[in-house]
Engineer: 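Can you keep this structure in mind? I'll have questions shortly.
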Amino acid sequence: MGNQCVKEDAIIDEASTNGRFNSYLATLPKLFSETTVGGVKFLCTAHVNSSFSSVIFACTDTRENFYQKQREAADVNNTISWWNFFSSLKHAFFNKKITLNFEDLDDTQQICNFNIELNFVTLGRTALTLKLKKVANAFDNLANVFLFPFFEFYSIRNETASAEKVEQLEKQVKIYKEKILALENQYGNDEGEEEHAGRISRDEHVKKEQEANNNQSAGDDIKGISDDIDDEAINVPSERIARFLKELKQKLVSNNQLTETEKARFNMVVNILGRDKIHNPAIPSFVESKMDLEVVSHLKNKFSKPNERGMIKKEAVPMMPSSGDNIKSGSVNISREKIRDDIILLFDKVDNWDFNVFALSDLTEDRTLFTTGYTLFVKYDLLNKFNIPEDILVNFLREIESGYHPNPYHNAKHAADVLQVLHYIIYKGGLGQMLTDEDVLAALIAAMIHDYDHPGLNNAFQINTQSYLATLYNDRAVLESHHCAQAFELMRNPQYNILCGLSHEQRLGVRDTIVELLLATDMGQHAKIVGRFKSRLEIDTDFKTREDVILAMQMSIKISDVNNPARPLYLYLKWTDVINVEFWSQGDREKELKVTVSPLMDRTTAVVGKGQIAFCNYVVEPMYKSFIKLLPKMAFTMKHIERNKGYWSDHDKIDPLDFIPEKIPTIPEANEIPTQS
């Protein structure tokens, strides 16, 4: 079998007998993983070459470093079939069994040791280490190895009929082979992108777009896109791929065919495509475009105080005139001004309890944490109060957001959600009357970084599997310590140090507060902190001492971190849906590693409603009841908790129709009060 795989005909014959191999090869480009080395996130991939006789392994930091190696079929042990090698490889990528380390061969050459833990039936667990060489022209290789396979896979994403899908898969396999072969033949070609694009007939291009736009149904629209790319060379300009992915994502989202994790992956790839090929961008692609400069500038003008607005450093985010450009998406033209206005309109609700980060994510290509963080720093006038250069704030927000993994739940969207709720508690709930400016700064930073670099596997998993992080932090607040340490390590770099304008004493105080807040989010400390809070309330609710204020802030970030059951039902159900995906993924890992499966994380036995009711009864509700004794303006949240618990009395699972906001009657919330006296 090992020799058989060298012959393309042999593989096609095997595929025709069992119908699996073609399908598997067509989806192989979805093998993406990520790992962090020295605080830098690397994307890793493996995909098959044009003759299906080898696999190309690659990793990149998406900036300037790209490493690659081709693994030939002949290199596979004769006791292992090529099919089993692919299957084990797929398993390793899905379960993040990838680690990287680097070594310098000499002053000019560096290699990456690409370590994969494979699990074979015949051999058991086997460690495979591939030495990947650093490749020049990183961005060209990034497109070929990471983006185009992603592009190909999603071009057939919404095919549903079995026979039709098989036919389409076979067609895609053929196209994929031809296009990769064309790439290999053109490898090293110095022809510029513009020269190549010029060889594509503009008339033919327009004709194909018109044909695609004439399709009526969403399914026909996507098939039209797929047909459009079938006749073109794969190395089309990167902006065309980006546009295709945006179009496709919109159609899939409109048909509820895309999970939150897949949406995050779409956005990540589109953002990579937008990067400068020569220079590392100073700000993220979302902020780089003309429309997005307008958005940020409008947010700055909207929320900064009129008498202080001029003090903000304007050159970092300049005001742009309206461009009037349109973004074409299938048969729909989306005005840049319309998207900008929708974002601004959404931020009119930043002080409201029903602020919708899912809607913000769709509008900003998942830049929720960046836009929310920027808006609140301007709203609280923190740039002026603490002499924070605007370019450093932008750099910091960019890096923190990019440091969140595309986990189903513990991602940048969750961080933005927690940030907005903590802002609500400060601004309208009454907490702000207890806080200094330094406290507000510390609270917002703590919310933004509270799950920074979260691996999607909780503390129990880290401890039970004796992970590196568990060993490093002695099984105590493992992830919380990691989030905090990673963020402060980032701030050691001057270009990300948003505390640079503080005095030495101020910085020590703000850092201490941030650490206290982050460690409070460890559920292992939940009973201790809530118990201490309840005991303090038995004396009185006049929290004035420093110890009292820190305790109130700890409770506030804990309330924010588990706010989902206290939100409007449609938001609560969306968060419940994605956290189940992450929980069950961890449960699968735990079963595979033969460690105890954590509560609520076994997909075969989990009853979503029962688990949610228990979580509300034993964790959320008691904490919120105590909290509103200190901040009575937050009492309305109890009505949301009761309504959301009641949902499970007549639902065994989530009904997607309940994601629609208009179906849910509103519950009055707190009235706005001044933040500080």
Side-chain angles (χ1 to χ4, degrees), residues 32-36 39-44 62 94-96 150 249 252-253 258-272 284-286 355-374 396-422 444-459 461-462 469 479-480 482-484 486-487 490 518 521 523 557 560-564 567 571-586 589 601 659:
F32 291 98
S33 186
E34 62 186 16
T35 187
T36 302
V40 178
K41 184 187 295 184
F42 278 79
L43 300 180
C44 308
T62 73
F94 283 178
N95 291 282
K96 295 186 177 180
F150 192 92
K249 188 188 81 167
L252 293 171
V253 167
L258 212 59
T259 66
E260 291 299 323
T261 300
E262 288 174 321
K263 284 162 65 175
R265 287 173 179 163
F266 263 107
N267 293 333
M268 177 179 68
V269 172
V270 170
N271 290 334
I272 291 172
S285 57
F286 169 73
F355 184 74
N356 190 341
V357 295
F358 292 98
L360 180 62
S361 175
D362 291 338
L363 288 170
T364 63
E365 295 178 7
D366 216 22
R367 294 295 185 184
T368 51
L369 185 56
F370 180 92
T371 49
T372 306
Y374 182 90
F396 176 78
L397 293 173
R398 166 182 62 100
E399 287 300 316
I400 290 297
E401 183 168 64
S402 66
Y404 276 86
H405 299 215
N407 301 316
Y409 183 84
H410 288 102
N411 51 37
K413 198 183 295 102
H414 166 67
D417 184 61
V418 171
L419 173 63
Q420 190 273 331
V421 172
L422 188 56
L444 297 187
I445 293 174
M448 288 190 291
I449 69 174
H450 85 280
D451 277 328
Y452 180 59
D453 198 35
H454 196 296
L457 301 161
N458 67 13
N459 280 342
F461 182 92
Q462 305 298 326
L469 290 178
L479 292 178
E480 292 72 25
H482 177 66
H483 306 322
C484 194
Q486 288 291 95
L490 176 67
L518 257 71
T521 62
M523 289 305 292
I557 198 168
S560 304
D561 199 20
V562 295
N563 75 78
N564 307 151
R567 289 281 211 173
L571 294 176
Y572 163 62
L573 294 179
K574 282 191 173 187
W575 286 118
T576 301
D577 189 40
V578 294
I579 201 169
N580 283 333
V581 175
E582 187 166 308
F583 278 0
W584 294 338
S585 177
Q586 175 172 321
R589 293 281 302 277
M601 298 192 184
F659 290 157

Engineer: Measure across L490 and E399 and return the closest heavy-atom pair with its distance rounded to 0.1 Å.
Structural biologist: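 Distance-wise, the nearest heavy atoms are CD2-CB, 3.8 Å.
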Engineer: In the structure I gave you, are the side-chain heavy atoms of L397 and M448 within less than 4.5 Å of one another anywhere?
Structural biologist: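 With C-beta onward as the side chain, the pair touches.
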Engineer: Looking at CG of L469 and CD of Q462, how far apart are the two atoms once the value is rounded to the nearest 0.5 Å?
Structural biologist: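 So the gap between those two atoms works out to 5.5 Å.
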Engineer: Does any part of the side chain of N411, heavy atoms only, come nearer than 4.5 Å to the side chain of H405, both counted from C-beta?
Structural biologist: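 No, too far: nothing below the 4.5 Å cut-off.
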Engineer: Does any non-hydrogen side-chain atom of T35 lie less than 4.5 Å from one of C44?
Structural biologist: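 In contact.
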Engineer: Going by the side-chain contact (heavy atoms from CB on, under 4.5 Å) test, name the single residue among V357, L369, I445 that passes it with L419.
Structural biologist: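 So, applying the side-chain contact (heavy atoms from CB on, under 4.5 Å) to L419 and each of V357, L369, I445, only L369 qualifies.
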Engineer: Might you point out which heavy atoms bring A487 and I449 nearest each other, and give the distance in Å?
Structural biologist: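 In this case the closest contact between A487 and I449 is CB-CD1, 3.5 Å.
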Engineer: Do T372 and F355 have side-chain heavy atoms sitting under 4.5 Å apart?
Structural biologist: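 Yes, close enough: below the 4.5 Å cut-off.
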Engineer: With a 3.5 Å distance limit and no angle check, can you tell me whether N407 reaches the backbone of H454 through a side-chain donor-acceptor pair?
Structural biologist: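 Yes, the answer is positive, given that a donor and an acceptor are paired below the 3.5 Å cut-off.
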Engineer: Minimum heavy-atom separation for G456 and Q586, please, with both atom names.
Structural biologist: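 The pair with the smallest heavy-atom distance is O-OE1, 4.1 Å.
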Engineer: Please assess R567 against D417 for the test salt bridge (Lys or Arg N to Asp or Glu O under 4.0 Å), listing each intermediate value before the final yes or no.
Structural biologist: CA-CA 11 Å; R567 289 281 211 173; D417 184 61; 2.8 Å; yes
Engineer: Could you give me the CA-CA distance, side-chain angles and deciding distance for E582 and L457, then say whether side chain to side chain contact (heavy atoms under 4.5 Å, CB included) is met?
Structural biologist: CA-CA 8 Å; E582 187 166 308; L457 301 161; over 6 Å; no
Engineer: Kindly give the heavy-atom pair with the smallest separation between E401 and F370, and that separation in Å.
Structural biologist: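 That closest heavy-atom pairing would be OE2-N, 3.0 Å.
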Engineer: Could you tell me if the side chain of D561 sits less than 4.5 Å from the side chain of I557, heavy atoms only?
Structural biologist: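 No, too far: nothing below the 4.5 Å cut-off.
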Engineer: Quickly, which of D451, L479, D453 forms a side-chain contact (heavy atoms from CB on, under 4.5 Å) with H410? Name it, please.
Structural biologist: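 The single option meeting the side-chain contact (heavy atoms from CB on, under 4.5 Å) with H410 is D451.
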Engineer: Between M601 and S585, is any pair of side-chain heavy atoms under 4.5 Å apart?
Structural biologist: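 Not touching, per the 4.5 Å side-chain cut-off.
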Engineer: Looking at Y404 and K41, what are the two nearest heavy atoms and their distance?
Structural biologist: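 Closest pair (atom of Y404, atom of K41, distance): O-NZ, 3.0 Å.
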Engineer: Measure the shortest side-chain to side-chain distance between F358 and K413 over non-hydrogen atoms and say whether it is less than 4.5 angstrom.
Structural biologist: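 Contact flag for F358/K413 side chains = yes.
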Engineer: Donor-acceptor pair, distance only, cut-off 3.5 Å: does the side chain of N563 make one with the backbone of S560?
Structural biologist: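 The answer is yes, because a donor-acceptor pair under 3.5 Å joins these two groups.
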Engineer: Is the closest side-chain heavy-atom distance between H482 and P455 below 4.5 Å?
Structural biologist: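 They are not in side-chain contact.
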Engineer: With N564, which residues qualify under side chain to side chain donor-acceptor pair (under 3.5 Å), at least two apart?
Structural biologist: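 For N564 the side chain to side chain donor-acceptor pair (under 3.5 Å) partners, ignoring immediate neighbours, are Y409.
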Engineer: State the CG-CE distance between N458 and M523, to the nearest 0.5 angstrom.
Structural biologist: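 Here the interatomic distance stands at 11.0 Å.
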Engineer: If you compare all heavy atoms of T364 against all heavy atoms of T368, which two are closest, and at what distance to 0.1 Å?
Structural biologist: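 Scanning both residues, the minimum pair turns out to be OG1-N, 3.8 Å.
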Engineer: Are H450 and H414 an aromatic pair by the rule of ring centers under 6.0 Å?
Structural biologist: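 Yes.
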